[in-house]
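Okay, structure first, notes after.
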Protein chains: 2
Amino acid sequence: MTIDRFDPTPIYLQIAAIIIKRIWQGDLETRDPIPSESQMVTEYGIGRETARHVVAHLREQGWVFTIARRGTYVAPRDQWPTGER
Amino acid sequence: MTIDRFDPTPIYLQIAAIIIKRIWQGDLETRDPIPSESQMVTEYGIGRETARHVVAHLREQGWVFTIARRGTYVAPRDQWPTGER
DNA sequence: GAGAATTTGTACGTATGTATG
DNA sequence: ACATACATACGTACAAATTCT
């Protein structure tokens, strides 16, 4: 899975979709840490604001929760969005 | 009302508090536009992301709603947070 | 316990795109 | 055509808390 810079879909949504897929497929389970902002920056070649946008989006959707200065983790199943499966 | 850079309170929260006070005092009413990002940038001498952060915060709290590429406006009273009055 | 590395938080700068008035 | 305004995105920097060595 990688991002497509010619796809008009915003990069932050493309990466969010990748992570959601990993969660949904069980590759990332509840309380597992998702990739850190720095990891996203280096792995996808994006800026940090974009990485933060990914996390903010996933958090708003209920996929993850963040503990300040520790990390961001997969939320319990019952907090996941209902419409996207 | 102005911001205090020696106050450890984040600038975006200081400005949000100013705007909330203006809403609560009736200076800004439902459907009135709040100051634009650019206005905040110039009036408070802050950066763009900080201004965006102010707006995002107010939106998350239910004080305002944003119409893409038009502006951000004071939300109806019944959407305001309940704890802060 | 000390110090380094990691990670998120905050903040400013800059640029381009796109829609509206 | 132009100004306004939000959306997206990269770059940079430092702070603060946590985790690792």
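If you're wondering where the values come from, they're calculated on a predicted model, not measured in any experiment. No hydrogens, no waters, no symmetry mates; every other heavy atom, side chains included, goes into these values.
In this structure the side chain of A:Pro35 reaches within 4.5 angstrom of the side chain of A:Arg22, judged on heavy atoms. When side chains are defined from C-beta on, B:Val54 does not count as touching B:Arg52, because their heavy atoms never get closer than 4.5 Å. A heavy-atom distance below 4.5 Å is not found between the side chains of B:Glu29 and B:Val74. Side-chain contact between A:Thr30 and A:Ile23: absent, with no pair of heavy atoms (C-beta onward) separated by less than 4.5 Å.
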Original post:
What do the steps show when you test A:His53 against A:Leu13 for side chain to side chain contact (heavy atoms under 4.5 Å, CB included), and what is the final call?
Top reply: CA-CA 9 Å; A:His53 206 338; A:Leu13 286 181; over 6 Å; no

Subject >> Candidate pair B:Tyr73 and B:Asp32, rule side chain to side chain contact (heavy atoms under 4.5 Å, CB included), full reasoning >> reply: CA-CA 5 Å; B:Tyr73 307 89; B:Asp32 281 351; over 6 Å; no

Listing time: all N or O pairs from protein to nucleotides 3-13 of chain C that are below 3.5 Å?
| unit_1 | atom_1 | unit_2 | atom_2 | d |
| --- | --- | --- | --- | --- |
| C:dT8 | OP2 | A:Glu37 | N | 3.0 |
| C:dT8 | O4' | A:Arg69 | N | 3.4 |
| C:dG9 | OP2 | A:Arg52 | NH1 | 3.3 |
| C:dG9 | O4' | A:Arg69 | NH2 | 3.4 |
| C:dG9 | N7 | A:Arg48 | NH2 | 2.8 |
| C:dG9 | O6 | A:Arg48 | NH1 | 2.8 |
| C:dT10 | O4 | A:Arg48 | NH1 | 3.2 |
| C:dA11 | OP1 | B:Ile11 | N | 2.6 |
| C:dA11 | OP2 | B:Ile11 | N | 3.4 |
| C:dA11 | N7 | B:Glu49 | OE2 | 3.2 |
| C:dC12 | OP1 | B:Arg5 | NH1 | 3.0 |
| C:dC12 | OP1 | B:Arg5 | NH2 | 3.0 |
| C:dC12 | OP2 | B:Gly47 | N | 3.0 |
| C:dC12 | OP2 | B:Thr50 | OG1 | 2.3 |
| C:dC12 | O5' | B:Gly47 | N | 3.3 |

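When the side chains of ILVMFWY residues are joined at heavy-atom separations under 4.5 Å, either directly or via intervening members, B:Ile18 and B:Ile34 end up in a single hydrophobic cluster. If you chain together hydrophobic residues whose side chains sit under 4.5 Å apart, A:Ile15 and A:Trp24 fall into the same group.
Nucleotide D:dC6 holds its C1' atom 12 Å from the CE atom of B:Met40, rounded to whole Å.
Recorded end-axis angle for the helix from C:dA2-D:dT21 to C:dG21-D:dC2 stands at 10°, based on five pairs per end and rounded to 10 degrees.
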